Amino acid sequence: MEEPGGPNDDGQMGASPARISSPELRFEAWRAFTWTMVVGLIVLAIYISQSLLVIFGAMVFATLVDGGARLLGRVLHVGRAWRIGIVLLATVAFLVWLSMFAGSQISQQAAEFPTIVEEQTRAIFTWMREQGFEISMDTVQSMASQAASGFGTITRAVGGLLGGLTTAVLIIIIGVYVAAEPRLYERGVAWMMPKGRRDEFYQTASRMGYTLRRLLFGRLVGMVFEGVFTYIMLIGYGFVTGDQIPMAALLAILTGLLAFIPNVGALVSGILMVLVGFSGGAQMGIYTIVVYLAVQNIDGYFVIPMIARKTVDLAPALVLSMQLIMGILFGILGLLLADPLLAMLKVALEERARHKDEEDASELDQTARHAGDTHTLENDPA
């Protein structure tokens, strides 16, 4: 027999001491709790922002793989898993070929590259001093050393590309899983959303995927074009004059890789190319300037416009601002992903605005229909 006032005796428990009797206070308490949760989620997102950026990088890699599989599907009528396997094997084969064909040469050039950049930078500042500019040689030495250190980091990253970093490995692994079963993860995200918003989410996700595939396809085409064209032009100088431009292979690879970063990548690759060119004399330096301008103009006026018609239109100032913010916050990874992230944000905002317009139009139609029905009833002679 239970004792009076036990847990099953509701009559003896009474009201909860945490109960708020006033409806106004309950509303305010719930609103305060909601805002606290929102602020907490924002703080959590900032705290794990690096991990979120890695996940987004994996989504970008998965989109690349998915785009390649879709492209193969137009000529190879095999299962999706087979096409994804072919894309991954082709990527690995290209990296192996690159390391075997130019690995030792690029490693040697990468070791010499910082020295050449530092010498040319010092020569430029010396010339500026001769023209009357007040520049301290200590400042020049410090800037040159920092630049050489930065360029050395880039070239070492290129030379040791196959070694891989932990972040790159995580991006690749997560990206492969997502590319293998994208619908599984898409349904999982939709499941956590309200039922009334799921159709909107599917439409937005579909358009975001389409836009990202087109954007990345354009980037890859630009990278291949700039890298190959730069290498042909630099090698061609040696065939005509007999004086080889140093580090042609390394400069071509850097130009191709940096083409993935719009605006900033082209500027950095051009500076590196011109600095190396002037190390071989004024004629070679002027030729590298011509090569840089030719590559950027052909890519900017012919290659990119043909692809940009089918991709999201991003304002250059907006892209540069996003790159500046992402580069400061997250370094090189943020700089690489700034453009895709901006494109996804734009698509999401456009889709949200479109759905809001449809909802407003639907409400206006319902209001007009209701007003028409009311008017008919009032004029009904019965």
Side-chain angles (χ1 to χ4, degrees), residues 41 44-45 47-74 76 78-95 161-162 164-194 197-221 223 257 260-261 310-312 322 326 330-352:
L41 289 175
L44 178 62
Y47 182 73
I48 62 173
S49 56
Q50 291 283 354
S51 300
L52 293 177
L53 192 65
V54 171
I55 294 173
F56 180 73
M59 300 300 104
V60 173
F61 179 76
T63 303
L64 282 171
V65 176
D66 180 67
R70 289 171 181 263
L71 192 62
L72 281 178
R74 299 182 178 182
L76 295 179
V78 295
R80 175 182 171 82
W82 286 101
R83 285 182 275 125
I84 290 177
I86 292 173
V87 172
L88 294 176
L89 285 176
T91 303
V92 173
F94 170 75
L95 293 177
L161 185 62
L162 296 179
L165 300 174
T166 303
T167 301
V169 172
L170 287 174
I171 289 175
I172 292 173
I173 293 175
I174 298 174
V176 170
Y177 278 122
V178 174
E181 294 182 300
R183 300 298 181 189
L184 175 64
Y185 302 98
E186 188 179 31
R187 289 195 302 268
V189 175
W191 176 72
M192 293 185 291
M193 305 185 69
R197 295 294 181 184
R198 290 178 183 177
D199 290 338
E200 178 182 346
F201 166 76
Y202 281 123
Q203 293 176 11
T204 303
S206 177
R207 190 185 164 197
M208 290 174 70
Y210 175 82
T211 302
L212 189 56
R213 286 194 300 271
R214 293 287 183 175
L215 180 68
L216 295 176
F217 177 74
R219 291 287 180 266
L220 289 178
V221 171
M223 290 170 65
L257 291 176
F260 187 83
I261 310 174
K310 300 181 179 181
T311 61
V312 63
M322 188 67 171
M326 295 294 291
F330 305 107
I332 185 63
L333 183 60
L335 190 61
L336 287 171
L337 298 177
D339 196 27
L341 182 59
L342 180 61
M344 296 300 95
L345 290 175
K346 183 178 180 182
V347 171
L349 293 175
E350 288 176 346
E351 285 295 304
R352 183 63 175 167

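Since the structure is predicted, the reported quantities are computational estimates derived from the model, not experimental observations. We use all heavy atoms of the structure for the numbers below, so side chains are in, but hydrogens, waters and symmetry mates are not.
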Are side-chain heavy atoms of [X] and [Y] found at a separation under 4.5 Å?
{"X": "Glu350", "Y": "Arg207", "answer": "yes"}
{"X": "Leu345", "Y": "Met322", "answer": "yes"}
{"X": "Glu351", "Y": "Phe201", "answer": "no"}
{"X": "Arg214", "Y": "Tyr210", "answer": "yes"}
{"X": "Leu335", "Y": "Phe330", "answer": "no"}
{"X": "Met208", "Y": "Thr204", "answer": "yes"}
{"X": "Arg80", "Y": "Asp66", "answer": "yes"}
{"X": "Leu333", "Y": "Val54", "answer": "yes"}

Reported [atom1]-to-[atom2] distance for the pair [X] and [Y], which is rounded to 0.5 angstrom:
{"X": "Thr63", "Y": "Leu212", "atom1": "OG1", "atom2": "CG", "value": "4.0 Å"}
{"X": "Leu337", "Y": "Phe56", "atom1": "CG", "atom2": "CZ", "value": "6.0 Å"}
{"X": "Leu52", "Y": "Leu341", "atom1": "CG", "atom2": "CG", "value": "11.0 Å"}
{"X": "Leu220", "Y": "Leu215", "atom1": "CG", "atom2": "CG", "value": "10.0 Å"}

_Polar side-chain atom of Arg83 near backbone of Gly68 as donor-acceptor pair, under 3.5 Å_ = no

_Using only atom types and a distance under 3.5 Å, with no angle test, would you say the side chain of Ser206 pairs donor to acceptor with the backbone of Tyr202?_
no

_Shortest non-hydrogen contact from Glu200 toward Arg352_ =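 Between these two residues, the closest heavy atoms are OE2-NH1, 3.1 Å.
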
*Closest contact, heavy atoms only, Val176 versus Phe61*: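 So the minimum-distance heavy-atom pair works out to CG2-CE2, 3.9 Å.
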
_OH (Tyr185) with more than 12 external heavy atoms under 6.0 Å_ =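 More than 12 within 6.0 Å, yes.
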
